[in-house]
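Whatever order the structure lists them in is the order used to number ligands and atoms, beginning at 1. Only this structure's heavy atoms are used, side chains among them; waters, hydrogens and symmetry mates stay out.
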Amino acid sequence: MLQKINQINFAKQSIGTFPTPIYHLPRLSDYLDGPNIYIKRDDLTGLALGGNKTRKLEYILGDAINQGADTLITAGASQSNHCRQTAAAAAKLGLECHLILGGKKPQNPNGNLLLNQLLGSHIHFTGDNRKGEDIPNLFKQLTKQGKKPYIVPYGGSNELGALAYVEAMIELQQQMNKLPIDNFSHIIFASSSGGTQAGLIVGQLLIRQQMEHNTHIIGIKIDKEQNGPLPFDQQIQALANTTAKKVRLGKAIGNTDIRLNRDYTGDGYGILSHIERNAIKLCAELEGILLDPVYTGRAMGGLIDMINLGKFDNNDNVLFWHTGGSPALFAYADQLI
Ligand SMILES: *Cc1c(COP(=O)(O)O)cnc(C)c1O
């Protein structure tokens with residue numbers, strides 16, 4: 001199918017369930033005695049336990065199908081949510097799926113690793129290489145076998161993936177009519193490969209051409225180490241600019257448009273501290289909402305800390321954008337309770 005954004009048609013495969021719900025979290029807001037907290041449930045995108053990669057894959061796989069691909073290749077950490085959603089999307093569209101995962105083959109796969117197997121993907125374990133270093137070799141091998149492989153970028157973060165979060169921002173704008181508030185003062189979420197943040201920023205600027213809203217879009221930086229040649233904020237800015245061109249925004253994204261909180265990277269990617277544990281426990285016990293140990297636990301932990309530090313006004317309306325990941329809870333069971 002084709003999806004119109006800013007009067008331009010983009011190829012898209014419909015693989016998720018949208019719009020995702022949005023609602024107030026009264027018990028968490030009361031408990032923290034700060035701003036009103038709302039949540040956007042992109043953990044409920046409907047594809048094999050959901051998450052933000054479902055949105056991105058709709059556009060990336062729209063392109064893959066147009067190019068005649070019959071096989072997908074992608075890479076990630078061993079508990080990658082992106083890889084699990086790619087495996088599920090491949091199953092749904094009848095494509096072969098190869099996952100290049102960091103780490104070693106475990107004796108008892110659990111969490112996302114278990115799901116990857118159930119979803120019928122071919123898994124290649126590559127030790128310390130969790131960012132797709134081994135993709136070119138596999139691409140050659142599969143091509144030699146007569147297949148038409150398509151590389152899904154790390155974290156689904158290219159301009160096609162980001163396009164999905166431009167659309168998500170338009171979806172949010174349409175949902176605002178049903179909420180008792182006019183606008184969010186802040187949108188807070190986990191930011192790791194940057195596609196979600198780049199898309200939300202471009203989406204906001206696109207919407208703002210029609211409405212005067214000034215929402216602070218703040219990514220909570222998840223990774224301690226730098227991924228790629230550029231510092232993370234510059235990486236997001238570059239991706240936002242290629243995405244802006246794609247939707248003919250007619251305006252460049254400046255470095256002040258990139259708001260990133262770097263305070264919660266802790267001891268590194270996937271390493272839990274009391275920040276994540278406390279956030280996971282509070283959301284579960286007060287709202288019945290499951291976060292995840294790597295991304296949303298850290299992002300919500302950051303939001304809670306920022307509230308405790310007095311960074312918000314009690315009249316503020318803050319949207320926490322839940323990006324998924326809860327299957328990884330099972331893989332971290334021994335560290336959670
Ligand atoms: C991938 C992922 C993110 C980060 O999104 P990016 O677009 O890569 O920045 C956040 N939360 C979850 C659960 C994820 O799987």
- OG1-OH distance between T196 and Y165, expressed to the nearest 0.5 angstrom: 5.0 Å
- Task: Considering heavy atoms of the protein only, find what lies nearest to atom 8 (O) of ligand 1 and give residue, atom and distance to 0.1 Å.
- Result: S193 OG, 2.5 Å
- Salt bridge present between D263 and K221 (N-O < 4.0 angstrom): no
- Item | Shortest non-hydrogen separation from V152 to L61 and the atoms involved | CG2-CD2, 4.3 Å
- Report yes or no: is the cationic atom of K53 (NZ for Lys, CZ for Arg) closer than 6.0 Å to the six-membered ring centre of Y295, at no more than 45° off its axis? yes
- Any G51 heavy atom less than 4.0 Å to ligand 1: no
- Item | For atom 9 (O) of ligand 1, the protein heavy atom that lies nearest, with its residue and separation | S192 N, 2.7 Å
- Note on the structure: So the atoms of ligand 1 within less than 4.0 Å of a heavy atom of G325 turn out to be 13 (C)
- Would you call E171-K40 a salt bridge at under 4.0 Å N-O? yes
- Query: Can R27 and E287 be counted as an ion pair, charged N to O under 4.0 angstrom?
  - Reply: no
- Out of T296, T323, N52, I220, whose heavy atom sits nearest atom 4 (C) of ligand 1? N52
- Are any of the side-chain nitrogens in E96 or K147 under 4.0 Å away from the carboxylate oxygens of its partner? yes
- Numbering the atoms of ligand 1 from 1, which are under 4.0 Å from a heavy atom of T196? 5 (O), 6 (P), 7 (O)
- Message: Any carboxylate oxygen within less than 4.0 angstrom of a Lys/Arg side-chain nitrogen, looking at K12 and E167?
- Response: yes
- Please verify whether a non-hydrogen atom of K56 lies at under 4.0 Å from ligand 1. yes
- Message: Would H82 count as being in polar contact with ligand 1, using the rule that some N or O on each side must be under 3.5 angstrom apart?
- Response: no
- Item | Atoms in ligand 1 with a heavy atom of G195 nearer than 4.0 Å | 7 (O)
- Query: For atom 1 (C) of ligand 1, which protein heavy atom lies nearest, and how many Å away is it?
  - Reply: K53 NZ, 1.5 Å
- Atom indices of ligand 1 within 4.0 angstrom of S191 heavy atoms, with elements: 9 (O)
